[in-house]
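If you read the sequence from its start, that first residue is 1, and numbering goes on from there.
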Amino acid sequence: MGVKTWIEGWPVYRQLTGTDPLGRGAAAQSKKSKELQPRTETADRVAKSVCPYCAVGCGQRIFVKDEKVVQIEGDPDSPVSRGRLCPKGSASLSLVTSERRQKKVLYRRPYGKDWEELDLSTAMEMIADRVLAARDATWEDADPDGKPLNRTRGISSLGGATLDNEENYLIKKLFTAMGAIQIENQARI
């Protein structure tokens, strides 16, 4: 590389001789930084979501390329977070893409020592059977004075912090229809 080429590539020279006298744009940009592009530029589509960690409900934009999540960022359109995420929310890409993420239903039988894999439909049937069995075993038609109760204290629901009010409303309707009376949620969004 000649001296002239080196001097022309020097940011101070570009600043003094170019169109960027303050050195905040093209004069300060290296060849490598000119070639950089945002991680999200090549995404096929963007989906909006809510951060799964706490009850604040920060908005997220999920960038997808070839049906794989490539980046998760704060959503500037979110009235809750206005594009900002806490450290946990900023790291939620690893929650989705980690090789340690559990992708199969694991079940350990009563008194069992080992986990076994189940398909999702089998696991859902087992849950439904157990909910119905607990409901049937603890159903109360009436109190000792004959007043109707139509309830069970054998099942209950505790909604998670990231469920919004609409989701908790539907869960409340479901558990009330099954006769449950112990129904709580942590909805704050």
Looking at side-chain heavy atoms only, is the closest gap between Leu85 and Glu73 below 4.5 Å?
-> no
If we only count heavy atoms from C-beta on, is the Val46 to Val64 side-chain gap below 4.5 Å?
-> no
At what distance, to the nearest 0.5 angstrom, does CD of Glu184 lie from OG of Ser156?
-> 9.5 Å
Answer yes or no: is there a side-chain heavy-atom contact under 4.5 Å between Tyr53 and Leu95?
-> yes
Rounded distance (nearest 0.5 Å) linking atom CG of Leu132 with atom CD1 of Ile127 = 12.0 Å
Over all heavy atoms of both residues, which pair between Asp66 and Asp44 is shortest? Give the atoms and the distance, please.
-> N-OD2, 2.6 Å
Among Leu93, Val50, Ile72, which one satisfies side-chain contact (heavy atoms from CB on, under 4.5 Å) with Gln60?
-> Ile72
Smallest heavy-atom separation, Lys48 atom then Asp77 atom, equals NZ-OD2, 2.9 Å
To the nearest 0.5 angstrom, please state how far the OG1 atom of Thr40 sits from the NZ atom of Lys65.
-> 12.0 Å
Taking all non-hydrogen atoms of both residues into account, name the closest pair between Thr152 and Met178 and its distance.
-> CG2-O, 3.9 Å
Within-4.5 Å side-chain heavy-atom neighbours: Asn150 and Asp141 | yes
Taking all non-hydrogen atoms of both residues into account, name the closest pair between Gly59 and Ser81 and its distance.
-> N-OG, 3.2 Å
Among Lys104, Arg109, Arg108, find the one that has a side-chain hydrogen bond (donor to acceptor under 3.5 Å, both in side chains) with Glu116.
-> Arg109
Between the CZ atom in Phe175 and the CZ atom in Arg135, the distance rounded to the nearest 0.5 Å is 11.5 Å
Around Met126, counting heavy atoms of other residues, nucleotides and ligands shown, do more than 12 lie under 6.0 Å from its CE?
-> yes
Spacing of Asp143 atom CG and Arg151 atom CZ [to the nearest 0.5 Å] = 8.0 Å
With the 4.5 Å side-chain cut-off for hydrophobic clustering, are Ile183 and Leu174 part of the same group?
-> yes
Under 3.5 Å, side chain of Asp75 to main-chain N/O of Gly83, donor-acceptor pair present?
-> no
Identify the heavy atoms of Ile155 and Ala180 that sit nearest to each other, and give their distance.
-> O-CB, 3.8 Å
Please report the shortest heavy-atom distance between Val105 and Ala123, naming the atom on each side.
-> CG1-CB, 3.5 Å
Side chains of Leu22 and Gln15: closer than 4.5 Å at any heavy-atom pair?
-> no
Could you tell me whether Arg45 and Glu67 have a side-chain N and a carboxylate O separated by less than 4.0 Å?
-> yes
Shared hydrophobic cluster, Leu118 / Leu120 (ILVMFWY, side-chain heavy atoms < 4.5 Å) = yes
Flag the pair Glu117 / Tyr107 as yes when at least one side-chain heavy-atom distance between them is below 4.5 Å, and no otherwise.
-> no
Atom pair OG/CZ of Ser78 and Arg61 - distance to nearest 0.5 Å | 11.5 Å
